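Counting begins at 1 with the first residue of the sequence. Source: prediction; values computed, not measured.
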Amino acid sequence: MTVPPDELRTADGFPPTTRERWRELALGVLRKSGIETDSPEEALSSTTYDGVTVAPLYDMSDLPGDPGLPGAAPYVRGARPAGGWDVRQRHEVADGQAVLADLENGVTSLWLALAPEDLPRVLGEEIYLDLISVVLDAGERTGEAAEALFALAERRGLARGGLTGNLGADPVRDPATAAELAGRCVADFPGLRAVVIDGTPYHDMGGSDAEELGCAAAAGVAALRTLTGAGLSAEEAFGQLEFRYAATADQFLTIAKLRAARRVWARVAEVCGVSGNAGQRQHAVTSSAMMTARDPWVNMLRTTLACFAAGAGGADAVTVQPFDACLGLPDAFARRIARNTHALLVEEAGTARVMDPAGGSWYVERLTEDLAGRAWEWFQEIERAGGMASALDSGLVPDRIAATWSARSDNIAHRRDPITGVSEFPNLGERPVTRPPRPRPATGVRYAREFEALRDLADAQEVRPAVFLAVIGPVAAHTARASFAANLFNAGGVATLTGPVSAAGADPAAIAAAFVASGARIACLCSSDRLYGEHAEAVAAALREAGAAKVWLAGRGDYAGVDATLHAGCDALGVLRTTFDDLEVAR
C-alpha cells in the first residue's frame with residue numbers, strides 16, 4: 001500500500017506542546033528533586049567562561065536572524081560553497097618516511113615545524129608539491145624556510161600558482177618578514193598565503209573561546225595594517241591571512257566558535273570596505289590543553305569529537321593531534337589513528353556531505369551569535385588599548401586570560417569540569433605510556449596536569465598511599481558513596497581498601513580490626529544519611545581508637561570523631577593534597 005505524501009504526518013497522535021507545558025513538567029521534576037524555583041530556565045541553565053548563558057530549551061524565537069548562505073557574507077555558514085576539509089598533519093621531525101606514509105594514507109596537507117635545511121630532504125622528489133598544501137612553522141627562521149620552499153618550487157619547475165599552503169609568518173612578532181613574504185606571494189605565488197593568525201596560544205594559556213576569537217581578530221587587524229602599510233591593497237591583505245583555532249571535545253561550542261569567528265571577521269571586512277577575499281580561511285587544531293598523559297587512549301575520543309566539531313563548524317583544514325602528543329613524539333600507530341579519524345568521519349560517517357549541518361539549529365545559531373558578540377566586545381577592548389602588540393605588552397591580554405584560567409582551574413579542582421580517566425574514572429592499574437621528547441617542548445597549560453602530578457607522586461612511593469573505606473550497612477546503602485570516594489582518592493593515585501560489609505548495620509569493632517589489618521592510616525566512612533545518623537560516631541570513635549590519623553566522611557553532616565567530609569562539588573585537589581600531607585608523603 002502506498003501512502004500519499006500529504007498523509008505522511010509522523011506527529012499524528014501526539015498532542016501539541018508549548019513552552020509553558022514544558023515549564024510545568026520541568027518544575028514538577030525539579031521539585032521532586034528538592035529544588036524549589038519558579039524558573040526552570042534559570043535552574044537548568046549553565047554559563048560559559050565568556051558569560052554566555054546556555055539555556056535548557058530553545059525555540060524559533062531564539063534565532064538571531066538570517067545567517068546567510070554558505071560561501072556568502074557574513075560567512076557564518078562557511079567561507080566556501082562546498083563541504084569537506086583539508087586533512088593536515090603536523091611533523092616536528094625530519095622523517096621523510098613518516099611524511100610519505102601520511103600522504104599515501106589520506107593526508108592532503110603538511111604542517112612542517114622544521115628547520116629550513118630539513119625541507120629539501122622531507123619534501124623529496126617522490127612528493128609532488130603541486131598536489132598538496134605545505135604549511136611552514138619555522139618561528140624566527142620563517143624567512144629562511146620560505147626561501148627554501150621557493151627554491152624547491154623553482155628546481156622542480158612549478159608554474160606560477162603551483163604552490164599552495166602558508167608560509168607561517170607572524171605579523172605581530174615579525175611584521176617585516178610578514179610584509180615581505182606577503183608581497184612575494186601576491187606577485188609570484190597566488191596560491192600561497194604568507195601569514196598565520198594563530199589563536200591557539202591564547203587557548204593554551206587557559207583562555208575562553210571568545211578570548212581566543214577576540215585576540216585572533218585583533219592580531220588579524222594588526223596584520224592588515226602591516227600588509228597594507230607595505231603596499232598591498234586591503235583585498236590582497238585579506239587574502240594573505242589564515243586563522244588557526246583550537247577545537248575541543250565540547251562539540252557545540254567548537255562549532256559555534258568557528259562560525260562566530262567567520263562572523264566577526266566578516267564584520268572587520270565590512271568596516272574595511274572589502275567584499276572579495278573576505279571569507280576567513282580557518283585551520284582547526286585539536287586542543288593541546290584538553291589532552292591527558294594519564295589514560296591517553298581517551299584522547300582518541302576527545303580528538304574524534306573535536307575533529308567532528310571542526311568539520312561541522314566549517315573549518316577549511318583540520319589537524320587531529322595524535323593521542324600521545326602530550327607525552328612526546330607520536331609513534332606510527334598514533335599518527336595512523338589520527339589520520340583515520342578524518343577518514344572515518346568523512347568517508348564512513350559522511351560528515352562532509354552536508355554544508356553547515358548545524359545551520360538552522362536554534363541552539364547553535366543563538367550560541368554562535370552570543371559568542372560572536374562577546375568576541376567582538378573583547379576585540380574592541382584590545383583595539384582601544386592600542387592594538388594587539390600594546391595589549392600584550394601592557395598585560396591586558398595576559399591578565400584577562402589568567403583570570404579565566406583561574407576560574408577554569410577552580411572548576412577542574414572541584415571536578416565541575418571533569419576529565420575522564422584522570423579526575424573521573426581513573427585507572428590505577430594502567431601501564432605508563434612513554435615517548436621520546438619532542439624537539440619543541442610544549443608550552444601552555446594542560447587541564448589534567450595538577451591531578452596527574454599527584455598521580456606521579458603517588459606512583460613514586462615505595463608503598464602506594466591508601467585510604468580505608470569504612471562501609472556501613474548493606475551494599476545498597478553504601479555502594480554509591482564508596483564508589484564516589486574511591487573515584488576521588490584514585491584520581492590522586494591513592495588506593496582504597498574496602499572494609500567488611502555488615503547487612504545488619506555496623507560492627508565498629510570489626511571495622512576497626514579490618515582497618516588495623518589494612519595498614520592504612522586514614523579512613524573514610526561510606527553509607528547513607530540514615531545509617532550515618534545511627535552509626536557514624538561509633539564507627540569514627542572505634543577507628544580513632546585503632547589509630548586512624550584522620551577520619552573522612554563521604555557526604556555531608558557533622559558527626560563527632562569525623563574530621564572532614566568529601567562530597568560532589570568539593571575541592572577534590574584540596575582533599576588529595578591534604579591526604580598526602582596527612583600521610584606525610586614526601587614531595
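Put simply, the side chain of Trp85 reaches to within 4.5 Å of the side chain of Thr351, judged on heavy atoms. Residues Glu147 and Arg184 form a side-chain contact, since some pair of their non-hydrogen atoms from C-beta on lies under 4.5 Å apart. At a threshold of 4.5 Å between non-hydrogen side-chain atoms, the residues Val52 and Asp209 do not count as touching. Looking at Cys570 and Leu488, their side chains come closer than 4.5 Å, going by heavy atoms from C-beta outward. With contacts defined as side-chain heavy-atom distances shorter than 4.5 Å, the pair Lys550/Thr578 qualifies. The shortest distance between side-chain heavy atoms of Leu30 and Pro40 falls below 4.5 Å. Put simply, the side chain of Leu119 reaches to within 4.5 Å of the side chain of Leu136, judged on heavy atoms. Looking only at side-chain heavy atoms (C-beta outward), Glu450 and Arg577 come within less than 4.5 Å of each other.
Considering His283, Arg90, Arg88, His342 as possible partners of Thr319, the one that fulfils the side-chain hydrogen bond (donor to acceptor under 3.5 Å, both in side chains) test is His283.
Using a 4.0 Å cut-off between a side-chain N of Lys or Arg and a carboxylate O of Asp or Glu, Asp356 and Arg259 qualify as a salt bridge. Salt-bridge annotation for Arg294 and Asp459: present, with a side-chain N of the basic residue lying under 4.0 Å from a carboxylate O of the acidic one. A salt bridge between Glu92 and Arg438 is present, with a side-chain N of the basic residue lying under 4.0 Å from a carboxylate O of the acidic one. A salt bridge links Asp137 with Arg440; the closest basic N to acidic carboxylate O contact falls under 4.0 Å. Looking at Arg267 and Glu270, a side-chain N of the basic residue comes within less than 4.0 Å of a carboxylate O on the acidic one, giving a salt bridge.
Within 6.0 Å of the CG atom in Asp38, the count of heavy atoms belonging to other residues, nucleotides or ligands does not exceed 12. No more than 12 heavy atoms of other residues, nucleotides or ligands shown are found within 6.0 angstrom of CD on Glu42. In this structure, Arg173 places its CZ atom where only 12 or fewer heavy-atom neighbours from other residues, nucleotides or ligands lie under 6.0 Å away.
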Quiz item: Going through the distances and angles, do Gln321 and Ser288 end up as a side chain to side chain donor-acceptor pair (under 3.5 Å)?
Solution: CA-CA 8 Å; Gln321 296 204 62; Ser288 295; 2.8 Å; yes
Quiz item: side-chain contact (heavy atoms from CB on, under 4.5 Å) between Leu241 and Leu224: does it pass, once the steps are laid out?
Solution: CA-CA 9 Å; Leu241 309 186; Leu224 294 178; 3.9 Å; yes
Practice problem: With side-chain contact (heavy atoms from CB on, under 4.5 Å) as the test, would you mind laying out the steps for Phe580 and Val494 before giving the verdict? | Solution: CA-CA 9 Å; Phe580 276 62; Val494 178; 3.6 Å; yes
Practice problem: Evaluate side-chain contact (heavy atoms from CB on, under 4.5 Å) for Leu454 paired with Leu573, printing each intermediate quantity in order. | Solution: CA-CA 9 Å; Leu454 293 176; Leu573 278 177; 3.8 Å; yes
Quiz item: What do the steps show when you test Trp111 against Val196 for side-chain contact (heavy atoms from CB on, under 4.5 Å), and what is the final call?
Solution: CA-CA 12 Å; Trp111 178 9; Val196 169; over 6 Å; no
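Judged by distance alone, the side chain of Asp50 and the main-chain N or O of Ala210 form a donor-acceptor pair under 3.5 Å. Remark: side-chain polar atoms of Ser133 are not paired, donor with acceptor, to backbone N or O of Ser109 under 3.5 angstrom. Formation of a donor-acceptor pair under 3.5 Å by the Ser406 side chain with backbone atoms of Ala402 is not found in this model. Between the side chain of Arg374 and the backbone N or O of Gly51, at least one donor-acceptor pair lies under 3.5 Å. The closest donor-acceptor contact from the side chain of Arg244 to the backbone of Val285 lies at 3.5 Å or more, if one exists at all. Arg263 places no side-chain N or O within donor-acceptor distance of the main-chain N or O of Ala372, the cut-off being under 3.5 Å. Remark: side-chain polar atoms of Gln280 are not paired, donor with acceptor, to backbone N or O of Phe243 under 3.5 angstrom. With Lys257 contributing its side chain and Gly313 its backbone, the two residues share no donor-acceptor pair below 3.5 Å. In this structure, the side chain of Arg408 engages the main chain of Gly207 through a donor-acceptor pair within 3.5 Å. Side chain of Arg435 to main chain of Leu327: no donor-acceptor pair is present (N/O by atom type, distance under 3.5 Å, no hydrogens or angles).
Distance check: Met290 CE to Arg446 CZ gives 12.0 Å after rounding to the nearest 0.5 Å. Interatomic distance, Ile197 CD1 to Gln240 CD, rounded to the nearest 0.5 Å: 11.5 Å. Between the CG atom of Asp331 and the CG atom of Asp324 there is a distance of 5.0 Å, given to the nearest 0.5 Å. Rounding to the nearest 0.5 Å places CD of Glu365 at 9.0 Å from CG of Asp66. Rounded to the nearest 0.5 Å, atoms SG (Cys215) and CH2 (Trp378) are 5.5 Å apart. Remark: Leu576 CG to Arg455 CZ distance equals 10.5 Å, nearest 0.5 Å.
Scanning all heavy atoms of the two residues, the minimum distance from Val445 to Gly206 falls at CG2-N, 3.8 Å. Closest approach of Val264 to Ala217, counting heavy atoms only: CG1-CB, 4.0 Å. Residues Glu452 and Ala293 approach most closely at OE2-N, 2.8 Å, considering heavy atoms. Looking at every heavy atom in both residues, Pro74 comes nearest to Ala266 through O-CB, 3.4 Å.
In this pair, Phe323 and Trp297 present their aromatic rings tilted. The plane angle is within the 30 to 60° band. Ring pair Trp376/Phe379 is tilted by interplanar angle, where 30° to 60° counts as tilted. The aromatic rings of Tyr363 and Tyr58 are tilted relative to each other, their planes meeting at an angle between 30° and 60°.
Qualifying ring-ring contact (aromatic ring centres under 6.0 Å, His included) partners for Phe425, counting only residues two or more places apart in sequence or in other chains: none.
For the residue pair Arg335 and Gln89, no side-chain donor N or O sits within less than 3.5 Å of a side-chain acceptor on the partner. Arg302 and Asn299 are linked by a side-chain donor-acceptor pair at a separation below 3.5 angstrom, with hydrogens and angles left out of the test. With hydrogens and angles left out, the side-chain atoms of Asp198 and Thr200 include a donor and acceptor closer than 3.5 Å.
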